[in-house]
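Comments concern the structure below.
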There are 2 protein chains.
Amino acid sequence: MTKSRQAPKRERILDVAEELFALRGYDGVTLRQIAKDAGVDVALASYHFGKKLDLFNAVFERRAAHLNSARLDALKACQASAGAAGPSVEQIIEAFLRPLELAQETGDPGWQNYLALIAYINNSPYWGPRMMSKLFDSLVSAFIAALRDALPGARDEDIYWCYHNLSGALTLTLAQTGRIDKLSGGKCRSADFQAAYDHMIPFVAAGFREVCGRSTAR
Amino acid sequence: MTKSRQAPKRERILDVAEELFALRGYDGVTLRQIAKDAGVDVALASYHFGKKLDLFNAVFERRAAHLNSARLDALKACQASAGAAGPSVEQIIEAFLRPLELAQETGDPGWQNYLALIAYINNSPYWGPRMMSKLFDSLVSAFIAALRDALPGARDEDIYWCYHNLSGALTLTLAQTGRIDKLSGGKCRSADFQAAYDHMIPFVAAGFREVCGRSTAR
DNA sequence: ACCGCATTTCAACAAGCGTTGAAAAATATT
DNA sequence: AATATTTTTCAACGCTTGTTGAAATGCGGT
């Protein structure tokens, strides 16, 4: 190997930052906490990433490409397997959600933290507009287009509002607040992603059909 | 009046704190920012509320009782106007959501900031468990019970997951991130609460029916 | 006019913050 | 083995943070 190996401490900083930012948000975490949990000097984060905000962006971007391509592949796959009529609403929603479930269940807790961080950013009036569009707009547009095909005659406005509802439901699941565990008295568990998505997919698909017209009932 | 009037600056601190906390979160706001925007000395916040965390709680609790009773009144009203069969899923969801729309449209921007703050807390893995239950669990339980009656034969687990989806969709709307505005190219506006709820109510009701069994189609 | 109390400001504190330049250690190149 | 480069630590900086005690101000009751 002619090139220098990736520094392992660099990755540890990213992992710890990911976890802490997801839990406490950008301002709720100090570089010293991150360094301490990573077993590293404070100055090392600055050396590798520059300013604190650059570290935040690095965490945000590290897994974004992988996530986007996994979801896009799932969309293409369901489009390929569907006939000329195209995939159903359920199949599209499934392609949108299942890759997340898979990522959360790789055993790597980093993915879980990462998706919780996305939830934090997506719901923040401050961070949302600054960070979400850049990385996820084109992916979302692809799914919206597929939904438009699956819901002929639907008004664009209605589709966007329905997507908004989907995005909110998904986000609360990703945030892992444990709220449903307490409310349900243990009958539901936040960490049970399969149950979450198994319920979310038919829920959302029915909502789309109701709001965007039922001409595509299959 | 024998009692001293409420200090007006105290309310201004609450108003400003509400707005800033909603935008930047607990750790993203300093007492000095709040004091400056309120046109007040830093020490005054401590005098009125104690620690920073106490101020946060004061903001959180100020409007909670009013909000809870408005929603509970709406639930009782729809139950009273319904026959012996009880209100439909739509009517229950409507009672859950419309009071928020009304609050947001009083012209008092405080309510809008307050609800955005609730959204922030509800989606935070750190603040959610610490703050939501105390103030909102009993209200939510009342609505869950009403939904159970409207969906005979539904499994409790399914009802909670559906409520979870509702809560997430609502929360993203309250957060006012403006994301739907950009995505839709201006066709939808975050600030158009009536449009948001007009779309959310049938969307969510259809989801409940789909997931919790369709025995109650009306 | 004076008093008692609530309100507000002033001034300062100790602690923690992000950031940086230079030294040290580890690793790669020759 | 010596050198060059990358990685990591050390030590410190200037600044901001939440909090506090004492002083100043405002104000209703007598």
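Please read these numbers as outputs of a predicted model, since none were measured by experiment. Residue numbering restarts at 1 for every chain, and letters A, B, ... go by the order of the sequence lines. Every heavy atom of this structure was used, including side-chain atoms; hydrogens, water molecules and symmetry mates were not.
Using a 4.0 Å cut-off between charged side-chain N and carboxylate O, A/Lys187 and B/Asp156 make a salt bridge. Between B/Arg62 and B/Asp15, at least one side-chain nitrogen of the basic residue sits less than 4.0 Å from a carboxylate oxygen of the acidic one, meeting the salt-bridge criterion. Salt bridge annotation for B/Asp137-A/Arg179: present, with a cationic side-chain nitrogen under 4.0 angstrom from a carboxylate oxygen. Salt bridge annotation for A/Asp198-A/Arg98: present, with a cationic side-chain nitrogen under 4.0 angstrom from a carboxylate oxygen. A salt bridge links A/Arg63 with A/Asp108: at least one charged nitrogen is closer than 4.0 Å to a carboxylate oxygen.
Put simply, CG on A/Leu14 is 14 Å from P on D/dT7, counting in whole angstrom units. If you take NZ of B/Lys9 and C1' of C/dA6, they are 13 Å apart, rounded to a whole angstrom. The separation between B/Leu20 atom CG and D/dT17 atom C1' is 16 Å, rounded to whole Å. Whole-Å rounding puts the A/Lys51 NZ to C/dT19 P distance at 5 Å.
In terms of phosphate contacts, A/Lys52 brings no side-chain nitrogen or oxygen within less than 4.0 Å of OP1 or OP2 of C/dC17. Of the side-chain N and O atoms in B/Tyr47, none sit less than 4.0 angstrom from OP1 or OP2 of C/dT8. Under 4.0 angstrom from either OP1 or OP2 of C/dT8 there lies at least one side-chain N or O belonging to B/His48.
Side-chain N/O atoms of A/Tyr197 and A/Gln104 include a donor and acceptor closer than 3.5 Å. Under 3.5 Å, the side chains of B/Asp158 and A/His199 contain a donor-acceptor pair of N or O atoms.
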The dot-bracket string of DNA chain D, counting Watson-Crick and G-U wobble pairs with both distances under 3.5 Å, using [ ] for crossing pairs and | for pairs to another strand, is |||||||||||||||||||||||||||..|
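Considering only residues two or more places apart in sequence or on other chains, B/Phe21 meets the ring pair (Phe, Tyr, Trp, His ring centres under 6.0 Å) condition with B/Tyr26, B/Phe56.
Looking at residues 27-44 of chain A, you'll see A/Val29, A/Thr30, A/Leu31, A/Arg32, A/Val42, A/Ala43 sit with a heavy atom under 4.0 Å from some atom of DNA chain C.
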